[in-house]
Amino acid sequence: MRTLIKHALAATAPREGVTVKGWVRTRRDAKGFSFLEINDGSCLASLQAIVDSAVTGAEHLHDLTTGASVSVTGNLVASPAAGQKWELRATQVELIGKADTSFPLQKKGHTLEFLRTIAHLRPRSNLFGAVFRTRSRLAHAVHQFFQARDFVYVHTPIVTASDCEGAGEMFRVTTLKGNIDEKPEADFFGRRAYLTVSGQLEAETFACALSNVYTFGPTFRAENSNTARHAAEFWMIEPEMAFCDLAGDMDLAEAFVKAMARHTLEHCAEDLGLFEKFVDKGVRPRLEFVVERPFQRVPYAEAVAILQKSGKTFEFPVEPGANLQSGHERYLTEEHFKSPVTVFDYPRTIKPFYMRLNDDGQTVTAMDVLVPGIGEVIGGSQREERLDQLLENMKFQQLKPEDYWWYVDLRRYGSVPHAGFGLGFERLLMFLTGVGNIRDVIPFARTPGSADF
RNA sequence: UCCAGAGUAGCUCAAUGGUAGAGCAGCCGGCUGUUAACCGGCGGGUUAGAGGUUCGAGCCCUCUCUCUGGAGCCA
């Protein structure tokens, strides 16, 4: 029976006949015996095994180099030396798979750039093991958060023919050869099809039936964005609530971010310690701060006024009516408020058609949650539930209602106020771990010009 | 896509226009209940690619590629 190292290290008493399997992190030879550090990814820490040169299988010690896979059976005993509580006194060692001397992961620090070039091996490093354990736990926490609130998980389609909000370039999906625009009606789906950029419109239809729903799945943007926080393929979380207004939407967004921060503090403590030590010294205080303090909420117009009065010169000047630049967003959250900030009621002209028009006729019920270090992490809105106004909005944005006939239908049959938001899972992970590049919180990053692995 | 920077040994980096080097890793040996172990020795290079200037280019110029940071777009 194999014991995960995580469980072996959590022992409360010595134990005999324990078998662990994993990968050698390092071997240190002493007179007549060797120290083997074994890691199986079940936790950050490795288990130190003491392998006497007389032990069965010790003749293979020479090949038990960094990266090799191994099975060690022995007795778990209290370690006489500092550095670890428990160690495994081996009675049997088995070399499972040798690692060539070209094994690129060394015992010493590597740059993130280099590790990206060996994305197939980087999960074996301390940092990436921690990142992907944390990613898994937070994915689970996302479901727990919504399920505990009676939200229904909806699998919205990945292939779609509707271009939601025109927000971003889409990847074309086709089985046609040659000129794919010549006869789109001859294509697999009988029309042009794309990879989804958002499940929101479909999620709205389910919210208008099951009340509270959420999606959590892959999303694709063919934008030529080359930044530390953009990927062509990423995972997005999109809750949608019927009978809900913008205030309720902001409440949910805030509760969600707080819950994820709390979950990280409580359930990813060991890995968080690594992030704190090697990635971002401020990450734990920041999470504690986020959990404890209410988010600031400020209307767009007021945010602009704050920026204008800041006395700061930004790379791009503050322009009322225009989108906030990332420099502006960072000032608000990092310097002015020093906390997450929800900016709401944006000018109609810079937001998509489905957002509900406010009574002033100038702004819409949009909201963005800005967090220190990342900028925008959530974008959401109350949706336009009034049929006439929705049609007017579409006209305003030069969209054809017939292309969205089913979406418009929701406003014909039992329309209700509803609201929701979208949140990039990787951006959330960046915020929670302090990791500064989106390519380092997703197993195999897809970015312009790069789809290795 | 725009702006800036970078590309030299497996990795991290040095090298005034004049013989390409170090640390780490690897290999060999030594020592030691070790902890990114330590000590000694050895091997390791089309200086991203192409072209140009020069007696001579890792270094200067041009183009291409890749990466990084910032911006736009956004999540």
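All chains are named by letter (A, B, ...) in the order of the sequence lines, taking the proteins before the strands, and each is independently numbered beginning at 1.
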Original post:
Quick one: is rG69(B) close enough that its OP1 or OP2 comes under 4.0 Å of any side-chain N or O from Asn437(A)?
Top reply: yes
Original post:
Tell me: CD of Gln106(A) to P of rA9(B), nearest whole Å?
Top reply: 13 Å
Original post:
What integer number of Å spans the P atoms of rC24(B) and rG40(B)?
Top reply: 9 Å
Original post:
Between Phe421(A) (CZ) and rC74(B) (P), how many Å, whole number?
Top reply: 19 Å
Original post:
Considering only the C1' atoms, how many Å lie between rC11(B) and rG26(B), rounded to the nearest integer?
Top reply: 12 Å
Subject >> Atom C1', compared across rA20(B) and rA15(B): separation rounded to whole Å >> reply: 7 Å
Original post:
Has the side chain of His110(A) got a donor or acceptor that lies under 3.5 Å from a partner of the other kind on the base of rC11(B)?
Top reply: no
Original post:
With rounding to whole Å, what would you report as the distance between rC63(B) and rC27(B) at their C1' atoms?
Top reply: 42 Å
Original post:
So which nucleotide from rA71(B), rC28(B), rC74(B) ends up closest to the side chain of Thr227(A)?
Top reply: rA71(B)
**OP:** Can you tell me the pairing partner of rC2(B) across any strand shown, Watson-Crick or G-U wobble, with both distances under 3.5 angstrom?
**Re:** rG70(B)
**OP:** Test for a donor-acceptor pair under 3.5 Å between the base of rG70(B) and the side chain of Arg229(A), counting only N and O atoms.
**Re:** no
Original post:
In terms of side-chain heavy atoms of Gln48(A), which of rC73(B), rU34(B), rU1(B) is nearest?
Top reply: rU34(B)
Subject >> Options rU35(B), rC74(B), rU12(B), nucleotide nearest the side-chain atoms of Thr111(A) >> reply: rU12(B)
Original post:
So, do Tyr194(A) and Phe171(A) have ring centers that fall under 6.0 Å from each other?
Top reply: no
Original post:
What nucleotide among rU68(B), rC74(B), rU35(B) has an atom nearest to a side-chain atom of Glu37(A)?
Top reply: rU35(B)
Original post:
Just to confirm, is there a sub-4.0 Å distance from OP1 or OP2 of rU35(B) to any side-chain nitrogen or oxygen of Arg28(A)?
Top reply: no
**OP:** Considering only atom P, compute the distance from rC38(B) to rG51(B) and round it to an integer number of Å.
**Re:** 45 Å
Subject >> Per Lys31(A) side chain, nearest of listed nucleotides rU32(B), rG72(B), rU12(B) >> reply: rU32(B)
Original post:
What's the closest nucleotide to the Ser326(A) side chain, out of rA71(B), rG33(B), rC74(B)?
Top reply: rA71(B)
Subject >> Nucleotide paired to rU46(B) in any strand shown, Watson-Crick or G-U, under 3.5 Å >> reply: none
Original post:
Does the distance from a Lys or Arg side-chain N to an Asp or Glu carboxylate O, for Arg172(A) and Asp181(A), drop under 4.0 Å?
Top reply: yes
**OP:** Side chain of Ala228(A) only, please: which of rA71(B), rG70(B), rU34(B) is the nearest?
**Re:** rG70(B)
**OP:** Measure the acute angle between the ring planes of Phe151(A) and Phe146(A), then classify it against the limits of 30° and 60° as parallel, tilted or perpendicular.
**Re:** tilted
**OP:** Answer yes or no: is there an ion pair linking Glu335(A) with Arg330(A), defined by an N-O contact shorter than 4.0 Å?
**Re:** no
**OP:** Would you kindly give the CZ-to-C1' distance between Arg25(A) and rA36(B), to the nearest whole Å?
**Re:** 12 Å
Original post:
If you check the Glu376(A) side chain, which of rC24(B), rC74(B), rU35(B) turns out closest?
Top reply: rC74(B)
Original post:
Ser53(A): what forms a side chain to side chain contact (heavy atoms under 4.5 Å, CB included) with it, not counting sequence neighbours?
Top reply: none
Subject >> Phe234(A) CZ to rC74(B) C1', straight-line distance once rounded to whole Å >> reply: 8 Å
Subject >> Distance-only donor-acceptor test, Glu223(A) side-chain atoms vs rU1(B) base atoms, 3.5 Å >> reply: no
Subject >> Nearest-Å distance once atom C1' is located in both rG18(B) and rU34(B) >> reply: 48 Å
Subject >> Base rG7(B) paired with Glu113(A) side chain (donor-acceptor, <3.5 Å) >> reply: no
Original post:
If you check every side-chain atom of Arg439(A), which of rU34(B), rU68(B), rC27(B) has the closest atom?
Top reply: rU68(B)
Original post:
Do the ring planes of His155(A) and Tyr153(A) sit parallel (below 30°), tilted (30 to 60°) or perpendicular (above 60°)?
Top reply: perpendicular
**OP:** Taking only heavy atoms on the protein side, list every residue of residues 441-453 of chain A lying under 4.0 Å from any atom of RNA chain B, sorted numerically.
**Re:** none
**OP:** When you get a sec, tell me which of rU12(B), rA37(B), rU1(B) is the closest nucleotide to the side chain of Asn226(A)?
**Re:** rU1(B)
Original post:
How far does the P atom of rU53(B) sit from the matching atom of rG7(B), given to the nearest Å?
Top reply: 25 Å
Original post:
Out of Phe216(A), Phe234(A), Phe431(A), Trp235(A), which one pairs with Phe425(A) under the ring pair (Phe, Tyr, Trp, His ring centres under 6.0 Å) rule?
Top reply: Phe216(A)
Subject >> Check: rC73(B) base within 3.5 Å donor-acceptor of Ser225(A) side chain >> reply: yes
**OP:** Using the P atoms only, state how far rA22(B) lies from rA9(B), rounded to an integer number of Å.
**Re:** 14 Å
